[in-house]
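A short write-up of the structure that comes next.
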Amino acid sequence: MTALRTWLTADTPTSRNHARAIQAYLSWRALASNPLTVMGLLIVVLLVVVAALAPMLAPRSPIAQDLTQRFIEPGWQHWFGTDEFGRDILSRVIYGARVTLYIVVLVAVTAAPVGLLVGTVAGYFGGWADVVLMRLTDVFLAFPRLILALAFVAALGPGIENAVLAIALTAWPPYARIARAETLTVRSSDFIAAVRLQGASGLRIILGHVVPLCSSSLIVRVTLDMAGVILTAAGLGFLGLGAQPPLAEWGAMVSTGRRYLLDFWWVATIPGLAIFTVSLGFNLLGDGLRDVLDPKSS
Amino acid sequence: MSLPLLSVEGLHVRFHTPKGVVEAVRGISFEVGREKLGIVGESGSGKTMAGRSVLRLIRPPGEVRAKRIVFDGTDLQALDEVAMREVRGRRIAMVMQDPKFSLNPVMTVGDQIAEAYLVHHKVVAAQARERTLEMLAAVKIRDPERVYGLYPHEVSGGMGQRVMIAMMLIPDPDLLIADEPTSALDVTVQMQVLAILDDLVTQRGMGLMFISHDLNLVASFCDRVVIMYAGRIVETCRAAELQSARHPYTRGLLASLPRIDRPVGELSVLSRDPAWRDGAVVVDGEMVG
Amino acid sequence: MTGSTAKTTGGFGLPSRHVWAVAKVVGTVLMTFLGLLLVTFLIGRVVPIDPVLSVVGERASQETYEQVRREMGLHLPLWEQFFRYVLQVLRGELGKSVLTAHTVVDDIIRVFPATLELATMATFLGVVIGVPMGVVAAVNQGRWPDQLVRLLGLFGYSMPVFWLGLMGLLLFYGILGIAAAPGRLSFHNLDVVESWSGVILLDAALQGEWEVFFDALHHLILPAAVLGYFSLAYISRMTRSFMLEQLRQEYVTTARVKGLSEARVIWRHALGNVMVPLITVIALSYANLLEGSVLTETVFAWPGLGLYLTNSLLAADMNAVLGATLVVGMIFIGINLLSDLLYRLFDPRAR
């Protein structure tokens with residue numbers, strides 16, 4: 001253990017991988033030293049574990065109805081109570097983690113690369129490419145996100161895939177902005193000039209050198225944005241435009257609970273707490289990541 | 001020398017950083033009367049901290065300790081924050097290095113000067129304005145009426161520093177600390193500003209602590225000189241006798257300055273001796289400790 | 001001659017630098033506006049519902065169908081359709097709402113004041129509480145008031161607005177019984193006040209109907225507080241970071257040297273400088289509240305633009321959806337422009 005620690009905190013790395021390992025270890029130590037960040041990380045890990053093991057963790061089926069068991073208060077039988085169809089809310093919340101994770105991951109893997117590509121291309125090539133791409137970005141930024149997503153879903157029709165598509169379509173512009181700004185600072189540096197002199201093509205420079213340098217600030221931004229994505233998705237679900245029944249989606253669950261709010265408080269309260277917790281987890285983690293990876297922006 | 005206005009004994013300034021304690025000032029003692037005292041040292045020698053700790057402007061993580069800081073018979077360390085505010089501005093004022101940063105960018109310069117007067121005098125705004133215009137004229141600003149309404153970014157560096165002097169002298173303090181007041185200015189206006197400062201300080205019979213890195217300037221402008229190195233005072237002497245200074249650091253500094261009356265082929269470069277950090281010091285030509 | 005440089009003058013006797021800046025801003029706004037129209041236009045085209053069918057009905061003959069299609073201009077190439085759409089919008093025509101049978105423009109004029117009232121009150125709360133919170137956090141950096149403000153901010157960033165609204169209703173209306181029921185007015189106060197501006201607080205005050213005024217305020221306060229919390233989270237966080245930066249500046253030391261009280265140093269000198277960038281933040285948060293208002297209005301049955309938009313959405317009333325979206329986008333642009341102008345007004349360096 002101590003030998004490994006000495007190796008990981010060495011002042012002079014012996015190889016490139018050694019240097020990377022030291023860097024990773026130091027970043028990890030900085031992250032782990034902030035209890036709020038650790039809490040955020042735990043929440044996100046919990047979300048992934050719960051989503052992966054949902055069938056094993058859920059005590060009951062999330063969709064099986066039992067009209068004799070309607071609106072049972074939270075207690076030993078049903079920890080989180082039951083809803084208007086007698087479904088176990090705990091099981092629905094557990095399965096709902098899958099829907100949330102599905103949306104978050106899909107948005108992240110579609111919107112981030114698109115934004116990264118648009119931003120780096122605009123920043124690296126400049127000129128007309130820059131003007132056109134950035135105007136386009138501005139147009140998307142001119143709409144409040146939820147409202148644009150609503151309009152898209154209205155046009156495409158409700159459903160979880162369309163919700164993901166709509167959110168992704170509204171999520172990429174800030175990434176493009178960040179990637180462009182980073183590219184502009186990297187572009188004029190000497191090592192890029194050196195690579196260019198060696199005859200590397202624009203695409204090669206962007207993919208091999210510019211993109212890796214932009215990614216750390218982008219990771220921070222994406223993590224922080226995931227909280228917003230969860231809230232937007234839940235908002236769409238609340239309006240009945242996200243995942244469709246009987247799929248357990250937290251926003252839609254709050255929406256049904258709204259009808260019984262004053263008589264059966266738990267039906268709306270508990271799924272909302274789940275949304276809040278997961279979103280808070282991403283925010284805490286993102287905040288901590290920003291302090292470590294991108295200290296100048298905090 | 002008359003009764004000292006300010007006397008400081010055993011002043012320490014420490015900064016608590018994540019990497020440990022940094023000691024910026026390590027036990028210095030000095031006195032200022034109604035005279036011009038120059039404090040000379042390179043960057044990081046602690047001269048700025050020495051000036052600021054008198055006004056209690058060092059904020060956490062910085063920490064000030066002193067055996068005594070007595071100003072005009074009052075122990076400044078014993079004053080609470082409210083009483084200290086009466087000293088700041090009213091009794092001891094300070095002119096800082098760069099008017100670009102030391103003036104509030106969103107207030108007109110006139111309002112900033114008038115504010116300094118209003119804090120310490122119970123007068124109506126119109127009277128404060130009157131005094132401000134007089135003070136602007138006293139620092140040789142033509143057309144004070146117009147300058148009153150200008151914002152800091154609309155005035156030049158030299159004028160900004162004159163505004164700063166006006167602001168600091170308007171409550172009529174007894175001691176002025178001037179921290180590199182001309183270093184950020186163009187060479188051509190440096191002398192103008194110094195002359196104004198000199199005139200006003202002499203007229204009012206104030207004390208002046210003139211902090212600078214410029215040995216020649218201090219020697220020609222001040223009555224007495226204090227040389228600081230690595231947080232300590234290594235030599236104290238009368239400005240007129242600076243050429244016969246005895247501490248090797250002072251001698252080194254003098255030798256590294258070009259002189260028009262005694263040209264040399266190659267200027268000597270100051271080589272620092274680690275022993276100076278804690279070695280003997282010189283007071284008025286006498287080796288001590 | 002002082003530090004102010006000589007200015008060459010352009011047309012209208014204005015300095016040419018400013019003419020350029022204004023031209024640039026106007027150009028950007030026009031481009032963005034055109035893009036906005038393009039986006040709403042394209043969204044309108046991808047709708048799986050056939051717009052002709054919704055007019056003529058399923059059983060119309062092929063001839064009628066063709067005729068209506070031509071009348072609607074749908075046989076034209078896309079760019080020409082877009083050109084017509086732009087002209088329409090410029091004439092102030094956004095089509096008719098299927099749901100309300102009014103023109104979309106009339107509908108929006110009717111519902112917008114309710115949203116304006118809600119968003120303004122929310123921003124007011126956000127500024128009045130959020131700015132002092134941010135200042136206190138910055139002054140006590142790293143100590144408990146700072147942590148508290150940070151935590152409150154993080155909660156604001158993480159909470160679904162519709163859920164917070166429901167929890168507010170549950171607690172203050174359902175359990176404590178101190179908040180008013182959803183809606184803008186109590187039943188017996190509806191239609192007491194004539195609608196002049198549409199902002200009930202204003203109309204009631206102008207007409208001296210104080211009972212209606214306080215009833216409206218009673219109904220407004222909970223939704224505005226819920227919405228205002230999100231603006232508070234954003235504003236306090238930004239205030240804190242701006243303030244930290246200003247407190248490091250040398251002019252703050254100058255203010256202390258002058259013998260000013262710490263309160264005056266912070267609230268007059270440092271905050272005076274923070275207000276400049278803060279204007280942009282406040283404007284942005286105001287614009288963002290339009291978004292939050294969609295969900296908040298749904299929860300509180302608040303008859304504003306947000307509720308109109310959701311009702312149209314659920315009825316697949318595309319004219320109304322696109323019209324409302326366009327209006328929100330335009331307000332967004334307008335607020336951004338306004339914040340830019342205010343910035344120039346407040347910062348002497350930008351004048």
Side-chain angles (χ1 to χ4, degrees), chain B residues 51-52 55-61 81-82 84-108 111-113 115-120 141-143 146-147 150-160 164 167-168 170-171 173 176-177 179, chain C residues 1-7 15 17 131 135 138-146 239 242-280 342-351:
Chain B
R52 296 197 171 198
L55 278 168
R56 210 191 283 168
L57 291 171
I58 314 275
R59 302 182 71 78
E81 196 47 39
V82 177
M84 194 63 205
R85 285 212 300 269
E86 278 305 303
V87 174
R88 285 197 203 112
R90 180 73 189 84
R91 308 294 314 273
I92 309 176
M94 182 164 89
V95 173
M96 266 109 57
Q97 185 169 355
D98 194 338
K100 264 210 299 295
F101 302 116
S102 52
L103 293 173
N104 185 340
V106 301
M107 258 172 108
T108 64
D111 285 346
Q112 293 189 53
I113 300 173
E115 185 186 38
Y117 188 67
L118 280 168
V119 183
H120 299 292
I141 284 176
R142 270 168 279 158
D143 199 358
R146 191 181 63 82
V147 174
L150 293 181
Y151 285 94
H153 74 280
E154 295 171 316
V155 303
S156 65
M159 192 190 282
M164 191 74 189
M167 177 158 67
M168 287 308 162
I170 199 171
L176 181 69
I177 302 169
D179 189 356
Chain C
M1 203 61 223
T2 61
S4 61
T5 49
K7 289 163 186 166
R17 186 167 60 95
V131 171
V135 171
V139 172
N140 295 291
Q141 190 191 4
R143 291 197 290 276
W144 69 264
D146 188 24
T239 306
F242 290 150
M243 197 71 192
L244 282 177
E245 192 188 318
Q246 292 303 323
L247 286 175
R248 280 195 292 268
Q249 303 295 318
E250 191 79 339
Y251 72 81
V252 170
T253 310
T254 307
R256 290 196 179 110
V257 169
K258 278 154 85 172
L260 301 184
S261 65
E262 198 59 19
R264 195 167 163 88
V265 171
I266 290 162
W267 296 96
R268 171 101 169 88
H269 285 265
L271 189 61
N273 280 277
V274 166
M275 280 326 277
V276 174
L278 207 56
I279 288 165
T280 315
L342 282 176
Y343 186 90
R344 278 163 202 278
L345 206 67
F346 272 77
D347 188 352
R349 284 158 296 188
R351 267 176 222 154

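Numbered from 1 within each chain, the chains take letters A, B, ... in sequence-line order.
- B/Val106 touches chain C through backbone and side chain together, each having a heavy atom under 4.5 Å away.
- Proximity to chain B (any heavy atom under 4.5 Å) is shown, for C/Glu262, by both the backbone and the side chain.
- Of all heavy-atom pairs spanning B/Pro105 and C/Pro348, the tightest one is O-CG, 3.4 Å.
- C/Val252 does not touch chain B: none of its heavy atoms, backbone or side chain, sits under 4.5 Å away.
- Heavy atoms of B/Met84 lying under 4.5 Å from chain C are absent altogether.
- Only the side chain of B/Arg52 comes within less than 4.5 Å of a heavy atom of chain C; its backbone N, CA, C and O stay farther away.
- By the 4.5 Å heavy-atom criterion applied to side chains, C/Glu250 and B/Gln97 are not counted as neighbours.
- Checking each of B/Arg85, B/Met94, B/Arg59 against C/Arg256 for a side-chain contact (heavy atoms from CB on, under 4.5 Å) leaves exactly one that passes, namely B/Arg59.
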Do B/Val95 and B/Leu176 pass the side-chain contact (heavy atoms from CB on, under 4.5 Å) test, and can you show the C-alpha distance, the side-chain angles, and the key distance before you say yes or no? CA-CA 7 Å; B/Val95 173; B/Leu176 181 69; 4.0 Å; yes
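- Proximity to chain C (any heavy atom under 4.5 Å) is shown, for B/Glu81, by neither the backbone nor the side chain.
- Interface remark: B/Leu103 contributes backbone atoms only to the contact with chain C (heavy atom separation under 4.5 Å).
- For the options C/Gly259, C/Ala255, C/Gly272, C/Ala270, heavy-atom pairs under 4.5 Å to chain B are most numerous at C/Gly259.
- Counting heavy atoms of neighbouring residues, nucleotides and ligands inside a 6.0 Å radius, atom CZ of B/Arg56 exceeds 12 of them.
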If you apply the rule side-chain contact (heavy atoms from CB on, under 4.5 Å), what do you find for B/Arg88 with B/Leu57, and how did you get there? CA-CA 10 Å; B/Arg88 285 197 203 112; B/Leu57 291 171; 4.1 Å; yes
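- The candidate from B/Glu115, B/Gln112, B/Arg90, B/Met107 with the greatest count of non-hydrogen atom pairs under 4.5 Å with chain C is B/Glu115.
- A 4.5 Å side-chain heavy-atom check between C/Arg264 and C/Lys258 finds every atom pair outside the cut-off.
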